[in-house]
Enquirer: 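Submitted below is the structure of interest, expressed as structure tokens.
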Amino acid sequence: HVGYGLKWFRQWKSPKQSDWESYSGQLALPLSPSRAKGIGIFNREGRQQAGLDAEFIDELEVYARSKGRTPEVHYFNPQAEWSIASGQTSLSAGPLRTLAEDLSALTLYLGKHDDVALMARKPQREFLRQLGEVGMALPEILESDSLDLGGRKLGALRPWAWSPDSDAFLKPLFERTSLKQPGWHPDWRELHSKAFSAKLCNEVDGVVCDSLARVQDALRDRSVLKSPYGLAGKGLRFLKQPKLESADQAWVTEVIEREGCVVVERWLDRVFDFSVQYEVETDGSMRLLGYTQVHNDAYGKFLGCGMRRTLTEHCDVPGLTPFFYGRDRAVQRVYERSVPELLQPHLERVGFHGALGVDAMIHREANGALAHRPVVEINPRTTMGRVAVELGRHVVKGEPMSFQILTGKHLRKSSHGDWLALANSLREAHPIQLTHYQNNHRRMRSGCLILNDPEHVRGYLAVLVVGQSHNPILL
């Protein structure tokens with residue numbers, strides 16, 4: 001019956017349009033091609049036998065749109081802290097804009113299959129097909145420069161972070177949402193500041209300083225200076241002695257003038273960085289989603305994050321596992337009880353809800369004993385750790401996994417001249433192996449999955465590595 005219908009469809013459609021263009025163009029909401037995909041494994045062979053052409057089958061295989069549920073809209077704006085600190089809403093060309101465009105594909109992994117992912121450029125069909133082969137149920141993809149949602153009613157808007165820039169960008173969609181849409185609230189600015197994180201812990205581990213003299217007084221033998229709105233290891237200054245050189249003084253003065261203060265912390269001998277992911281519900285409760293190990297370089301710059309059967313598995317720090325999981329689960333109880341009790345009054349006061357991450361660490365004291373710093377930073381937004389938690393749903397439970405962002409430095413260290421060649425090399429070196437479950441459900445048990453289209457990458461390639469216990473950072 002499909003072949004019979006196809007015969008007459010081709011008789012009636014415009015000869016200037018392909019089968020796919022004509023078919024998809026004729027369907028009006030709530031109808032869409034997603035209703036023609038069927039249930040379970042995509043039946044390519046049956047469609048070929050019915051006479052559908054290759055383009056039609058390929059497009060249908062990767063097509064996604066909600067069949068009725070009002071979709072949530074996901075938008076990637078990693079420049080949120082910059083926008084909050086400066087008040088600006090338009091990002092000019094530069095590394096941060098490249099990061100925002102290259103990694104906009106992370107929105108593919110943060111929602112449900114009937115949500116909408118806004119991306120700088122729609123990935124090529126072959127890239128999307130590869131994601132589908134490993135069991136990724138992809139959302140509808142729209143390029144962010146159009147916001148063409150056809151007048152549809154929407155659920156929630158879910159930017160990476162609510163900030164002046166995401167508020168300005170998504171404001172045209174506010175009236176379409178069926179849920180109460182908060183947008184950006186100026187009172188949330190304090191939550192993003194590292195000064196808030198320090199004051200939350202009564203400035204035990206960090207001192208908030210609003211003058212050059214107070215910074216000098218707060219210095220330890222080895223100190224770290226933090227700007228309140230620095231991002232991913234930027235906005236940091238490391239001092240090996242309790243003295244501000246002229247360059248340090250100029251940096252402190254500039255940060256205080258721009259952001260109001262500087263946070264001074266002890267430069268700790270960190271041995272294990274981790275993050276804790278929450279979803280703050282509309283009633284103010286904090287739902288704990290999971291833990292991820294965070295891989296930073298010696299100066300705190302983000303490299304990647306991972307999950308294992310137990311978080312400290314395969315870590316070569318003596319005594320770490322009993323310290324982390326022993327003592328009547330003292331570390332876990334901090335994040336199950338103490339941190340929510342500490343944070344909830346502040347979140348309720350400003351009406352914040354959504355994704356939230358807490359960065360923390362285990363460090364070694366001068367006497368060699370391990371110590372727990374429960375709060376390094378509060379991130380009232382989606383984080384790379386949250387992406388790792390969501391990616392973990394596509395990995396066989398207990399298999400080690402690492403989510404990493406490769407940069408131009410990695411490309412230069414490799415023997416490859418472009419991102420596509422590097423991506424293909426990683427795929428060949430780490431072929432994907434799947435475990436199949438009932439109802440066509442699949443999960444990765446090993447291999448390397450490229451998470452953003454390497455043909456569009458200009459500076460940042462996101463990868464998921466599964467089954468590699470030791471040395472998880474590639475290249």
Enquirer: How many angstroms lie between atom NZ of K122 and atom CD of E143, to the nearest 0.5 angstrom?
Expert: 8.0 Å

Enquirer: Using 4.0 Å as the upper bound for N to carboxylate O, is an ion pair formed by E101 and R121?
Expert: no

Enquirer: Within this structure, what is the CD-CZ distance for the pair Q332 and F324, rounded to the nearest 0.5 Å?
Expert: 5.5 Å

Enquirer: Would you check if the side chain of D453 reaches a backbone N or O of E455 as a donor-acceptor pair within less than 3.5 Å?
Expert: yes

Enquirer: If I compare all heavy atoms of Y460 with all of N452, which pair ends up nearest, and what's the gap?
Expert: O-ND2, 2.9 Å

Enquirer: From L356 CG over to L347 CG, what is the distance, rounded to the nearest 0.5 angstrom?
Expert: 6.5 Å

Enquirer: Does E140 form a side chain to side chain contact (heavy atoms under 4.5 Å, CB included) with D115? I'd like the steps, not just the answer.
Expert: CA-CA 6 Å; E140 179 181 357; D115 284 340; over 6 Å; no

Enquirer: What's the shortest heavy-atom distance between W184 and I84, and which atoms?
Expert: CH2-CG1, 3.9 Å

Enquirer: Do E190 and R349 meet the salt-bridge criterion of a basic N to acidic O distance under 4.0 Å?
Expert: yes

Enquirer: What verdict does the side-chain hydrogen bond (donor to acceptor under 3.5 Å, both in side chains) test give for Q130 and R427, after you've listed the backbone C-alpha separation in whole Å, the side-chain angles of each residue and the deciding distance to 0.1 Å?
Expert: CA-CA 11 Å; Q130 291 170 355; R427 288 169 175 145; 3.0 Å; yes

Enquirer: Could you go through D273 and D359, starting from their C-alpha distance and side-chain angles, then the distance that decides it, and tell me whether this counts as side chain to side chain contact (heavy atoms under 4.5 Å, CB included)?
Expert: CA-CA 8 Å; D273 293 294; D359 291 341; over 6 Å; no

Enquirer: In a check of side-chain contact (heavy atoms from CB on, under 4.5 Å) between L426 and each of V465, L449, V463, which one passes?
Expert: V463

Enquirer: Using a 3.5 Å distance criterion without hydrogens, assess whether the side chain of E81 forms a donor-acceptor pair with backbone atoms of G230.
Expert: no

Enquirer: Taking all heavy atoms of S34 and all of S32, pick out the closest pair and write down the distance.
Expert: OG-OG, 2.7 Å

Enquirer: Indicate the atoms forming the closest heavy-atom contact of P164 with T89, along with that distance.
Expert: O-CG2, 3.4 Å

Enquirer: What's the separation between atom CG in L239 and atom OG in S223, rounded to the nearest 0.5 Å?
Expert: 6.0 Å

Enquirer: To the nearest 0.5 Å, how far apart are CE in M119 and CG in L142?
Expert: 10.5 Å

Enquirer: Pair K199, V208 - check side chain to side chain contact (heavy atoms under 4.5 Å, CB included), show working.
Expert: CA-CA 8 Å; K199 291 176 180 177; V208 180; 4.0 Å; yes

Enquirer: Any side-chain heavy atom of L108 within less than 4.5 Å of one from M136?
Expert: no

Enquirer: Are M384 and L106 side-chain neighbours, meaning at least one heavy-atom pair lies under 4.5 Å?
Expert: yes

Enquirer: Please determine which of F169, W160, W162, W82 meets the side-chain contact (heavy atoms from CB on, under 4.5 Å) test together with N77.
Expert: W160

Enquirer: Inspect the contact between R333 and E336 and indicate whether a charged nitrogen and a carboxylate oxygen are less than 4.0 angstrom apart.
Expert: no

Enquirer: Would you call the rings of F403 and F302 parallel, tilted or perpendicular if under 30° counts as parallel and over 60° as perpendicular?
Expert: tilted

Enquirer: Is there side-chain contact between T107 and L118, with at least one heavy-atom pair below 4.5 Å?
Expert: no

Enquirer: Tell me yes or no: between the side chains of Q277 and T383, is some donor less than 3.5 Å from an acceptor?
Expert: yes

Enquirer: Is a side-chain N or O of R152 found less than 3.5 angstrom from the main chain of L149, in a donor-acceptor match?
Expert: yes

Enquirer: Has the side chain of S197 got a donor or acceptor atom that lies under 3.5 Å from a matching backbone atom of I378?
Expert: yes

Enquirer: If I compare all heavy atoms of G206 with all of A198, which pair ends up nearest, and what's the gap?
Expert: O-CB, 3.7 Å

Enquirer: Between F196 and H346 (judged by ring centroids, cut-off 6.0 Å), do the two rings come close enough to count as a pair?
Expert: yes

Enquirer: Do the side chains of K112 and E72 get close enough for a salt bridge, i.e. N-O under 4.0 angstrom?
Expert: no

Enquirer: Test Q79 against D165 for side-chain hydrogen bond (donor to acceptor under 3.5 Å, both in side chains), laying out the working first.
Expert: CA-CA 8 Å; Q79 67 272 18; D165 68 299; 3.0 Å; yes

Enquirer: Give a yes or no on whether a salt bridge exists between R129 and E61, defined as a side-chain N under 4.0 angstrom from a carboxylate O.
Expert: no

Enquirer: Are there more than 12 heavy atoms of other residues, nucleotides or ligands under 6.0 Å from atom NE2 of H113?
Expert: no

Enquirer: Decide, yes or no, whether a salt bridge links E254 with R258 under the criterion of side-chain N to carboxylate O below 4.0 Å.
Expert: yes

Enquirer: For the backbone of G459 and the side chain of D102, can you confirm whether one donor and one acceptor N or O come within less than 3.5 Å of each other?
Expert: yes

Enquirer: Donor-acceptor pair, S275 side chain versus V358 backbone, under 3.5 Å?
Expert: no

Enquirer: In plain terms, say whether R308 and E399 are close enough for a salt bridge, that is, a side-chain N and a carboxylate O under 4.0 Å apart.
Expert: no

Enquirer: Would you sort out whether W267 and R220 count as a side chain to side chain contact (heavy atoms under 4.5 Å, CB included), showing the intermediate values?
Expert: CA-CA 8 Å; W267 187 351; R220 316 287 183 91; over 6 Å; no

Enquirer: Is the backbone of A421 close enough, under 3.5 Å, to the side chain of S425 for a donor and an acceptor to pair up by distance?
Expert: no

Enquirer: Between H416 and D418, is there a donor-acceptor pair closer than 3.5 Å when you use the side chain of the first and the backbone of the second?
Expert: no

Enquirer: Applying the salt bridge (charged side-chain N to carboxylate O under 4.0 Å, His left out) criterion to E265, which one of R270, K194, R373 satisfies it?
Expert: R373

Enquirer: Taking the side chain from D248 and the backbone from E245, do they hold a donor-acceptor pair closer than 3.5 Å?
Expert: yes

Enquirer: For residues S18 and E21, report the shortest heavy-atom separation together with the two atoms involved.
Expert: N-OE1, 3.0 Å

Enquirer: Any donor-acceptor pair under 3.5 Å linking the side chain of S104 with the backbone of A120?
Expert: yes

Enquirer: Any side-chain heavy-atom pair from Y335 and Y278 closer than 4.5 angstrom?
Expert: yes

Enquirer: Contact between T382 and L110 at the side-chain level, heavy atoms closer than 4.5 Å - yes or no?
Expert: yes

Enquirer: Less than 4.5 Å apart, any side-chain heavy atom of V387 and any of C305?
Expert: no

Enquirer: Please determine whether a side-chain nitrogen of the Lys or Arg among K153 and E175 lies less than 4.0 Å from a carboxylate oxygen of the Asp or Glu.
Expert: no

Enquirer: Does any part of the side chain of L236, heavy atoms only, come nearer than 4.5 Å to the side chain of L225, both counted from C-beta?
Expert: no

Enquirer: Ignoring hydrogens and geometry beyond distance, is a side-chain donor-acceptor pair present between Y109 and R393 at under 3.5 Å?
Expert: no

Enquirer: Within this structure, what is the CZ-CG distance for the pair R266 and L219, rounded to the nearest 0.5 Å?
Expert: 14.0 Å

Enquirer: Is any side-chain heavy atom of R125 closer than 4.5 Å to a side-chain heavy atom of E55?
Expert: yes

